[in-house]
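Residue indices begin at 1 and follow the sequence shown.
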Amino acid sequence: MKDLKHLYYFEKLLEDANNELVRQAQAEGKKCVATVCENIPEPLLNLPGLFSVRLRAPRTGSMEMATYYMTSFLCEYTRALLERAIEGGYNFTDCIITPDGCSMMNRCVENMELLKTMGKGKENYFYQYMEIPMKADDNGLNLYVLQCKNHILKPLHESFGVDISDEAIRAAVAEHNEICRLIRQIGEYRKEENPRITGYEYHILTLATYVAPKYLLIDKLKETLEELKTREPDEKNKYRARVVFVGSEVDDVDVIRLVEESGAYVCADRFCLGSFPGRNEIILTDDEDALTQICRQYMYRGQCPRYMNQAKIQERRKYVADLAREYHADGVIYEQIKFCDPWAYERMVGTVVLRDDYKYPVLAVDRPYSIGSSGQMRTRVQAFVESIEIKKIQGGAK
């Protein structure tokens, strides 16, 4: 296929946390709000004068300093973030707001604060820690709304004079929804039998919307969508199987590329920093304040394994099965970053449920944060693709 016009631009954008568009937005006087988890409602971090950035550590090398403070038994994502913070890689941020997503991330951000790794030379720099619900119910919603008021809206208003009115929140949701519509419309082409966009390309576009100011991406995403309408796929489909990729945080651009080079087309993504459900539009009505509606939709649509009530647990497996059916997947890959406790349990049980109850072939893997050219991962995916092909030949595939 002909290369997408802006793909190289997006790839270069993802090489550095303090990327070109972050610098441009700050030069325009906007404040950068950092976060580390999908459970923080994005529109609240993109109010007038603000833009949000999900922290990541591209091109991670040694993590010796972070390991000294956090031990080698905590997930590499959190250690990579702390290492980059110690190196001074996040001094461009103006504040950080983080939830108690997991104990490892809590320790990571606490060390960032205790070691004074961020905010050097920044006026009114602050850290905020949120408690977020572990059950999706009315009590959880009340907690969520209160925490967003006290740990997002109030400090942003007091520190930076940000407009936190209902009107401002609704305007931020409108911008958020435009990004979501563009990403989802682009993603629809993944349903094609011979897709005109690769899973790797789609991952690059989606990831950029988490780590760069959204308003600076809209024009290029619109151009890409128009380009795809007339893009001709290769005459012969080079993929031997279609898979849904499910699991923990994926910000290493090499992960999806490696899977696809091994013969498996990533037709749908259910991972942190993916499009499902992270790029669902937020539907607002005039019957209720915008904040409550945002929190309700984040809570009930969320697929994070930190939600412990039985309904959410069962919903997560059905959600993956529904994606597999809608996007015509032949199998599911469940992945986790090594030592990620929440996704370790989810991967173990989800693998069994998807295989036994929904009859999908499933590959379960744990992986390093920065995958590089992992021979082990490549071999396992190639073997998984071959097993799917054998089932098709035998007539046993779904």
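- When all heavy atoms of Cys75 and Ile337 are compared, the pair lying nearest together is CB-CG2, 4.3 Å.
- Counting only distance, with no hydrogens or angles, the side chain of Arg196 and the backbone of Leu228 share a donor-acceptor pair below 3.5 Å.
- A heavy-atom distance below 4.5 Å is found between the side chains of Leu143 and Glu131.
- Between His203 and Phe271, a ring centre-to-centre spacing shorter than 6.0 Å is recorded.
- No option in Val349, Val352, Val246, Asp357 other than Val349 meets the side chain to side chain contact (heavy atoms under 4.5 Å, CB included) test with Arg317.
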Under the salt bridge (charged side-chain N to carboxylate O under 4.0 Å, His left out) criterion, do Lys222 and Glu178 qualify, and how do the steps go? CA-CA 10 Å; Lys222 284 181 177 178; Glu178 185 172 9; 3.3 Å; yes

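- No side-chain donor-acceptor contact under 3.5 Å links Tyr90 to the backbone of Ile96.
- Side-chain contact between Pro58 and Val253 is absent, with no heavy atoms from C-beta onward closer than 4.5 Å.
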Quiz: residues 41-55 side-chain donor-acceptor pairs under 3.5 angstrom, not counting sequence neighbours:
| unit_1 | atom_1 | unit_2 | atom_2 | d |
| --- | --- | --- | --- | --- |
| Glu42 | OE1 | Arg279 | NH1 | 2.7 |
| Glu42 | OE1 | Arg279 | NH2 | 3.4 |
| Glu42 | OE2 | Lys214 | NZ | 2.7 |
| Glu42 | OE2 | Arg279 | NH2 | 3.2 |
| Asn46 | OD1 | Ser52 | N | 3.1 |
| Asn46 | ND2 | Glu42 | O | 2.8 |
| Asn46 | ND2 | Ser52 | OG | 2.9 |

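- Remark: Tyr129 engages Glu113 in a side chain to side chain donor-acceptor pair (under 3.5 Å) (not counting sequence neighbours).
- Side chains of Cys108 and Met70 form a contact here, defined as non-hydrogen atoms less than 4.5 Å apart.
- When all heavy atoms of Tyr300 and Asp138 are compared, the closest pair comes out as OH-N, 4.2 Å.
- Comment: Lys238 does not engage Glu260 in a salt bridge, judged by the lack of any side-chain N to carboxylate O separation of less than 4.0 angstrom.
- Ring geometry for Phe276 versus Tyr327: interplanar angle over 60°, hence perpendicular rather than tilted (30 to 60°).
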Verdict with supporting geometry, Arg181 and Glu281, salt bridge (charged side-chain N to carboxylate O under 4.0 Å, His left out): CA-CA 7 Å; Arg181 281 192 295 271; Glu281 289 188 54; 2.9 Å; yes

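- Between the side chain of Asp94 and the backbone N or O of Val33, no donor-acceptor pair lies under 3.5 Å.
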Ile218 and Ile179: CA distance, side-chain angles, deciding distance, side chain to side chain contact (heavy atoms under 4.5 Å, CB included) verdict: CA-CA 7 Å; Ile218 289 173; Ile179 286 286; 3.7 Å; yes

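- Judged by distance alone, the side chain of Lys359 and the main-chain N or O of Asp356 form a donor-acceptor pair under 3.5 Å.
- The cationic group of Arg301 lies under 6.0 Å from the six-membered ring centre of Tyr298 and within 45° of the ring axis, placing it in a cation-pi geometry.
- Counting heavy atoms from C-beta on, the side chains of Leu13 and Leu217 come closer than 4.5 Å.
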Just do the salt bridge (charged side-chain N to carboxylate O under 4.0 Å, His left out) check on Glu15 and Lys12 with the steps written out, would you? CA-CA 5 Å; Glu15 289 182 358; Lys12 293 297 289 182; 3.2 Å; yes

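- Just one of Met104, Glu249, Lys338 meets the side chain to side chain contact (heavy atoms under 4.5 Å, CB included) condition when paired with Tyr77; it is Glu249.
- The heavy-atom pair separating Thr206 from Gly274 by the smallest distance is CG2-C, 3.8 Å.
- A donor-acceptor pair under 3.5 Å is formed between the side chain of Arg347 and the backbone N or O of Val365.
- Not a single donor-acceptor pair under 3.5 Å links the side chain of Asp251 to the backbone N or O of Leu273.
- Under the 4.0 Å criterion applied to side-chain N and carboxylate O atoms, Lys392 and Glu389 are not assigned as salt-bridge partners.
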Please determine whether side chain to side chain contact (heavy atoms under 4.5 Å, CB included) holds for the pair Tyr202 and Ile186, giving the CA-CA distance in whole Å, both sets of side-chain angles, and the decisive distance to 0.1 Å. CA-CA 8 Å; Tyr202 186 73; Ile186 292 170; 3.8 Å; yes

Arg306 vs Cys102, side chain to side chain contact (heavy atoms under 4.5 Å, CB included): CA-CA, chis, key distance, verdict: CA-CA 8 Å; Arg306 75 179 310 285; Cys102 68; over 6 Å; no

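- Within the 3.5 Å criterion, the main-chain N or O of Phe92 finds a donor-acceptor partner in the side chain of Lys122.
- Under the 3.5 Å distance criterion, the side-chain polar atoms of Asp100 are matched with a main-chain donor or acceptor of Ile132.
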Verdict with supporting geometry, Arg84 and Glu87, salt bridge (charged side-chain N to carboxylate O under 4.0 Å, His left out): CA-CA 5 Å; Arg84 187 61 51 88; Glu87 293 168 354; 3.2 Å; yes

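- In this structure, Asp254 pairs ionically with Arg257, as a charged nitrogen and a carboxylate oxygen lie closer than 4.0 Å.
- Tested against Ile169 for a side chain to side chain contact (heavy atoms under 4.5 Å, CB included), the candidates Ile164, Leu153, Asp289 yield a single pass: Leu153.
- Taking each heavy atom of Cys272 and Trp343 in turn, the nearest pair found is SG-NE1, 4.3 Å.
- Val244 has its side chain out of reach of Asp269: every pair of non-hydrogen atoms, C-beta onward, lies at least 4.5 Å apart.
- Remark: the backbone N or O of Gly199 is not paired with any side-chain donor or acceptor of Arg190 at under 3.5 angstrom.
- Asn194 places a side-chain N or O within donor-acceptor distance of the main-chain N or O of Asp234, the cut-off being under 3.5 Å.
- Using a 4.5 Å cut-off between side-chain heavy atoms of Ile, Leu, Val, Met, Phe, Trp and Tyr, with links allowed through other members, Tyr210 and Ile294 fall into different hydrophobic clusters.
- For the side-chain hydrogen bond (donor to acceptor under 3.5 Å, both in side chains) with Gln303, the qualifying choice from Arg316, Arg270, Glu315 is Glu315, the only one to do so.
- A continuous path of ILVMFWY side-chain contacts below 4.5 Å connects Leu82 to Met65, so both sit in one hydrophobic cluster.
- Between Arg367 and Asp252 no salt bridge is recorded (no basic side-chain N to carboxylate O distance below 4.0 Å).
- Both the sub-6.0 Å distance and the 45° axial angle are satisfied by Lys220 relative to the ring of Tyr9.
- Note on ring orientation: taking the six-membered ring where Trp is involved, the planes of Phe339 and Phe73 are perpendicular (angle over 60°, cut-offs 30° and 60°).
- Checked for salt-bridge contact, Asp330 and Lys391 miss the test: no charged N lies under 4.0 Å from a carboxylate O.
- Here Glu226 does not pair with Lys5 in a salt bridge; the nearest charged N to carboxylate O distance is not below 4.0 Å.
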